[in-house]
Every structure is written in C-alpha cells, then in structure tokens.
There are 2 protein chains.
Amino acid sequence: MGRTGDTRERIVRTSARLLLSRSYGSVSVDDVCTAADVRKGSFYHFFPSKAELAKAVVDLHTDALIDRLAATSGESAAARLHGVADAVGAIQARFESTFGRVVGCPFGNLAAELSTVDDALRDHLASAFARWEREFAVICHRAQQDGALRDGVDPDRLAHSLLAHTQGQILLAKVGGHSAADVATTLHDLIDVHLREGAV
Amino acid sequence: MGRTGDTRERIVRTSARLLLSRSYGSVSVDDVCTAADVRKGSFYHFFPSKAELAKAVVDLHTDALIDRLAATSGESAAARLHGVADAVGAIQARFESTFGRVVGCPFGNLAAELSTVDDALRDHLASAFARWEREFAVICHRAQQDGALRDGVDPDRLAHSLLAHTQGQILLAKVGGHSAADVATTLHDLIDVHLREGAV
DNA sequence: GCGCTAGTTGACCGGTCGGTCAACGGAAAT
DNA sequence: ATTTCCGTTGACCGACCGGTCAACTAGCGC
C-alpha cells in the first residue's frame with residue numbers, strides 16, 4: 001500500500017463549502033484545489049471528473065441529513081413531524097451563520113442547476129431525494145396510525161408535500177433574503193394544517 | 001433613426017428556450033447567438049452582459065405569467081385559487097411537451113443557480129417572485145372574505161406557502177422525472193387542505 | 001532495506017469562455 | 001440626395017475552463 005492522507009476528504013468538504021457559497025458552474029476545479037490546498041493532478045487522481053465530485057458532495061450531505069433525521073425523536077409521531085421541521089431549520093441556520101445568509105439546500109441547488117445538464121447526476125440526486133422522502137413517509141404513516149392526521153390526508157402525499165415545501169421555502173428564502181428561522185416557521189405551519197386539531 | 005429589426009426579441013426568446021433546456025452556466029453567449037442566428041457583436045449591442053440577458057428573460061416570463069394569472073377567472077375566490085394551480089400546471093405542461101420532460105420553473109432555475117452569484121440578478125428575481133406572491137395574496141384575501149378559508153389560515157402566509165409549494169413541486173418533478181400533471185394535482189391538494197370543508 | 005503502489009506534483013493542452021472593437025451598411029429624417 | 005446613426009459584422013483578445021501526463025515520492029508489507 002502507498003501512503004494515506006485526508007486529501008480526498010479535504011477536497012469533498014472544501015467543495016461542499018464552495019458549492020454552497022456559489023454555484024456549480026461558478027466554482028472551478030482550480031478554485032476547489034486552491035481552497036483545499038491540493039494540486040490539480042491530485043484532484044483528478046481521486047475524481048474522474050468535476051461531476052463525480054458533485055456526487056461525492058451529495059453523498060456527504062445525504063449522510064449528514066440521514067444522521068440528523070435519525071437523531072430526531074419525540075414522544076408522538078406528530079411531535080416527530082415537527083422535529084423534522086426543526087432539523088431542516090437547524091441545518092439551514094448553520095449554513096446561514098456560516099455564510100451570512102440563506103444559501104439554499106445542497107441538494108436543491110445542484111438539482112435545479114444540473115438536472116437538465118447531467119443525467120447521471122440527476123439520477124444521483126433523485127435517489128437522495130427519494131431516500132429523504134422515504135424517511136418522511138415513515139413518520140407520516142406512524143402519525144396516521146396514531147390518528148394524528150386530519151381525515152383525507154394521505155401520508156405518502158404528505159411526505160412528498162413536506163419535501164416540496166421544504167425545497168420551495170428554502171429557495172424563496174435564498175432569493176428573498178429571508179432568514180432560516182422563517183423557513184422553519186412556515187414548515188411548522190404546513191404540518192399543523194395537516195394535523196387533526198388538538199394533536200400533539 | 002437607423003433600421004429596426006426583431007433581433008433583440010429573437011435573442012431573448014431563443015435564450016428563454018435554451019435556458020429552460022439547460023442551465024445558465026451551460027448556455028454560452030455563443031450558443032445563444034448561433035441558435036438565434038445573430039452575430040456576437042449584435043448581441044453585445046443590445047445587452048451589456050450575459051447577466052443582463054438573463055434579466056430580460058426573467059421579464060419575458062414575468063409578463064407571460066402575469067397575463068395568464070389575469071386571465072384566470074372563476075366564480076368564487078376558492079375556484080380562482082384552483083385556477084392558479086391550473087395556470088401553473090398549464091405552463092409546465094407546455095414546457096413538458098416542448099422539451100419532452102419537466103425542465104423546471106424559469107424563475108426557480110435561475111434563482112437557485114444565481115442568487116448567490118449575482119446580486120443584481122437576485123434582486124431582479126426577488127421582485128419577480130414578490131409580484132407573483134402579491135397576485136396570489138389578493139386571491140387568498142378574497143377567499144378569506146368569502147369565508148372559504150379554514151379557521152386560523154392567514155391569507156398572506158397561504159400565498160407564500162402556495163408559491164413555495166409550486167417551486168418545490170416543480171423542482172422535485174424535474175429531478176424525479178415526474179409529469180407536469182402531478183405538479184398540478186399536488187397543488188390542488190394543498191389548496192384543498194386550506195379550504196373550509198365544502199367550500200367551492 | 002527494498003520493492004510495490006497509492007499518492008503527489010507542476011507543467012502542459014486545446015477549446016471555450018465572456019467580452020471588445022473598428023469598420024461597415026441601410027433605413028429614416030432632412 | 002445627403003446626412004445621421006442604429007444596427008451589423010467578423011476578426012480578435014486574454015483569461016480561464018476541465019482535463020492529461022510523465023516523473024517523482026513516501027509509506028506499508030515483506
């Protein structure tokens with residue numbers, strides 16, 4: 001075996017930061033290399049292309065998100081639903097304090113920019129979103145079993161709706177210059193209208 | 001005066017098409033010029049920069065959207081609310097048939113990609129979204145006056161929520177390969193949960 | 001201590017990027 | 001008919017893009 005280092009990880013983490021602060025198109029491989037203090041040859045030793053780097057960044061965020069959702073607990077399913085909104089709010093708040101403003105969702109940003117440009121990356125993002133939605137759906141189904149959902153509310157549709165709302169809300173906050181706290185608030189509102197009155 | 005032509009308009013319309021089918025970063029000025037059969041010098045006669053072209057494209061879509069919303073009528077405010085969902089669905093369906101798949105919202109795509117990159121463009125998009133949201137809000141307020149809204153539903157928040165939902169739903173359809181019809185359906189669902197039962 | 005190999009380096013490449021410019025052309029106003 | 005000036009043209013620019021490569025180096029297994 002040859003030597004071992006943290007170069008690859010440094011590249012991914014640095015890219016994650018740069019991709020949040022700007023767009024995929026405006027972040028060059030040279031930018032990444034400079035910021036990560038890595039020579040370009042090393043970059044292409046680990047990644048066959050810039051697009052593959054983007055996938056790695058998506059994976060990084062996916063893992064982080066799943067971890068945080070797993071840590072989200074609450075007595076009732078209804079409370080766990082609100083916990084999801086809190087998790088999203090917390091992540092966005094961290095980004096906001098790091099970059100000084102809402103910079104968007106790591107998945108949503110890449111999805112909007114590259115879904116029509118790179119099919120492989122779109123697939124990758126679709127999988128990430130699907131996984132995310134499945135996590136939501138599990139909680140929504142439990143909420144329904146608990147009788148916390150309003151009549152006629154389909155748990156799968158609610159999960160999808162929740163995800164869409166999250167994406168849209170973050171996007172609007174990003175372009176409108178709103179705060180991460182507002183994102184969480186409107187998310188809580190959406191959950192409330194789907195819950196039976198009095199449910200906790 | 002010198003001669004007059006449709007060059008500028010041809011540039012804008014061609015760009016609108018290209019920007020929907022791909023991303024801002026992946027569409028070069030040369031691409032636009034080739035597709036519009038315009039020489040680059042002419043392009044820069046009308047637009048000081050590529051970013052200014054993007055603004056013009058945003059304006060084009062804004063006008064089209066406002067026109068369509070104005071044409072949306074219905075007996076009751078509740079029906080007009082659903083008419084908004086239909087309008088969005090119709091626009092997306094047209095894009096879908098043109099490009100063979102859901103390609104995203106013209107505003108949302110640019111907002112996601114460029115909000116963190118170009119401040120002037122972000123402002124421009126923020127104004128477009130604000131105008132859009134105001135149109136929604138008027139209808140939501142009327143619905144409330146008609147007593148069609150569920151108790152505790154704030155019309156302004158509903159308008160914002162509707163916009164966010166639209167954006168998120170379109171984004172998810174784009175990355176997930178869903179159809180424009182699904183977007184409209186989920187939008188109708190969202191409206192229904194905010195309406196008092198039995199309201200039309 | 002030696003060989004293997006994963007990791008590193010920096011020079012290099014062709015193409016494309018957004019943008020510039022001086023010269024030219026043609027319709028409208030006089 | 002001449003002036004005027006918006007519109008048009010195509011050659012041109014330096015910077016930067018993503019990506020390549022041959023030579024080199026340092027650590028692990030032996």
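Letters A, B, ... are given to chains in the order of the sequence lines, protein chains preceding strands, and every chain is numbered from 1.
Not a single side-chain hydrogen bond (donor to acceptor under 3.5 Å, both in side chains) links B/D67 to another residue, sequence neighbours left out. A/D189 is linked by a side-chain hydrogen bond (donor to acceptor under 3.5 Å, both in side chains) to B/R157, counting only residues two or more places apart in sequence or in another chain. In terms of the ring pair (Phe, Tyr, Trp, His ring centres under 6.0 Å) criterion, B/F95 has no residue partners (sequence neighbours excluded). Residues passing the ring pair (Phe, Tyr, Trp, His ring centres under 6.0 Å) test with A/F107 are A/W132, sequence neighbours excluded. With sequence neighbours left out, the salt bridge (charged side-chain N to carboxylate O under 4.0 Å, His left out) criterion links B/R94 to no other residue. Residues passing the ring pair (Phe, Tyr, Trp, His ring centres under 6.0 Å) test with B/H165 are A/H165, sequence neighbours excluded. Taking A/H45 as the reference, nothing meets the ring pair (Phe, Tyr, Trp, His ring centres under 6.0 Å) condition, with sequence neighbours excluded.
Going from atom CZ of A/R8 over to atom P of C/dT8 covers 13 Å, rounded to whole Å. For the pair B/R39 CZ and C/dC21 C1', the interatomic distance rounds to 17 Å; values are reported in whole Å. One can place CD1 of B/I11 at 14 Å from P of C/dG18, the figure rounded to the nearest angstrom.
Within a heavy-atom distance below 4.0 Å of DNA chain C, the residues of residues 43-53 of chain B found are B/Y44, B/S49, B/K50. Shown for residues 15-34 of chain A: no residue has heavy atoms falling under 4.0 angstrom of DNA chain C.
In this model, no side-chain donor or acceptor of B/K40 finds a partner on the base of D/dG10 within 3.5 Å.
Between the side chain of A/K50 and the backbone N or O of A/V27 there is at least one donor-acceptor pair closer than 3.5 Å.
Applying the side chain to side chain donor-acceptor pair (under 3.5 Å) test to every pair with at least one member in residues 109-123 of chain A, sequence neighbours left out, gives these pairs: A/N109-A/K174, A/D119-A/R122. A salt bridge (charged side-chain N to carboxylate O under 4.0 Å, His left out) check over residues 19-28 of chain B, counting only residues at least two apart or in different chains, returns the pairs B/R22-B/D31.
Summary for the helix from C/dG1-D/dC30 to C/dT30-D/dA1: the axes at its two ends, each from 5 pairs, differ by 20° when rounded to the nearest 10 degrees.
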